[in-house]
Amino acid sequence: MILHANGLDFACDAAGGGDDVAFCLHGFPESRFSWRFQLPFLAAQGWRAVAPDLRGYGQSSRPTPTYAGKAAYHIDHLVDDVVGMFEALKPRRKLLVAHDWGAVIAWVVAMRRAVDLDGLIIMNVPHPTVFGDLINHYRPQRLKSWYVAFFQIPWLPEFLLRQNRADGIAKAFLNMAIDKGAFPPHVLEEYRKNALIPGALTAMINYYRANLGILDEKSPPIEVPTLMLWGEEDTALDIKLTEGYGSHVRDFTLVRFPGVSHWVQQEAPVPVNTAMLDWLRAKGLAAG
């Protein structure tokens, strides 16, 4: 399925039908494939579940995939992509489900009230203000975020990640995962293949290059009911980033998963889907 929005084409996987739309936004270095366990689940709860490849990823449009063209990946454009995709489907109710970079975008969509959401589900990425507050004084998180500085270097990060058929991409999953069996060769091949598309790695890394100011994003408290799901063994983001949401989100629910890594929805799909179901039912957002 191709969705036309904000002047771009977005390749999407979808499940279910009807007037209620759940958009699932993936992270780095993933793709819409990362939602393979959640799309049928959300469809069973009455949602038309749609997972796009974000701009620059997979089979979606890849505007100016060069270091010099990094501005095409600024958060303003990424938010407009989400607004445009929702507008293209004209849903009655709107649910945003997001992980990693997709979750950064989802937080900002909610902070700016860019979409009139009925629910927000965030996986293993903190509210920008919470992250900014912690990294300013907590050295362990600064050390864990080393790769953000590395990604600012032109061409070298993508050159290294591309070597040996994007072996660096495969290792990003395997090295961080607790359950290595969640990433068998055919799953890793999907992500290798996407990374090897000409221009894709630069586009993907440009998210980091174009958005160093994201921590300055401020807003009134988010009013949308929000569920945060968090794999506790995230090596990139400290568990402290799940704390201190009272002044940022009015209706906040946190579910933590011990023994699960950053790749929470792929590594623990059954517990993640169960937690989503409980929350969707509690908020009147599930079928039946």
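On a predicted model such as this, the values are computed, not experimentally measured, just so you know.
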Fit a plane to each ring of His262 and His99, take the angle between them on a 0 to 90° scale, and name the class: parallel (under 30°), tilted (30 to 60°) or perpendicular (over 60°). tilted
Assign the ring pair Tyr207 / Tyr73 to parallel, tilted or perpendicular, where the plane angle (0 to 90°) is split at 30° and 60°. tilted
Show me the pairs that pass salt bridge (charged side-chain N to carboxylate O under 4.0 Å, His left out) and involve [range], at least two apart or across chains.
range            : value
residues 151-172 : Glu158-Arg209, Arg165-Glu189, Asp167-Lys171, Asp167-Arg192
residues 125-145 : Lys144-Asp238
residues 43-60   : Arg32-Asp53, Arg55-Asp81

Do Asp118 and Lys94 sit within salt-bridge range, that is, some charged N less than 4.0 Å from a carboxylate O? no
Step through it carefully: locate the ring centre of Phe183, locate the ring centre of Tyr191, and say whether they are under 6.0 Å apart. no
Tyr67 and Trp155: aromatic ring centres closer than 6.0 Å? no
Co-members of Ile178 in a cluster of I, L, V, M, F, W and Y side chains, linked at under 4.5 Å: none
By the rule that ILVMFWY residues connect when side-chain heavy atoms come within less than 4.5 angstrom, directly or transitively, which residues belong alongside Ile121? Trp35, Leu39, Phe41, Leu42, Trp47, Leu95, Val97, Met123, Leu227, Leu229, Val255, Phe257, Val260, Val264, Val272, Met276, Leu277, Trp279, Leu280, Leu285
Please name all residues satisfying salt bridge (charged side-chain N to carboxylate O under 4.0 Å, His left out) with Arg62, sequence neighbours left out, ordered by chain then number. none
Between CD1 of Ile169 and NZ of Lys193, what distance do you get to the nearest 0.5 Å? 14.5 Å
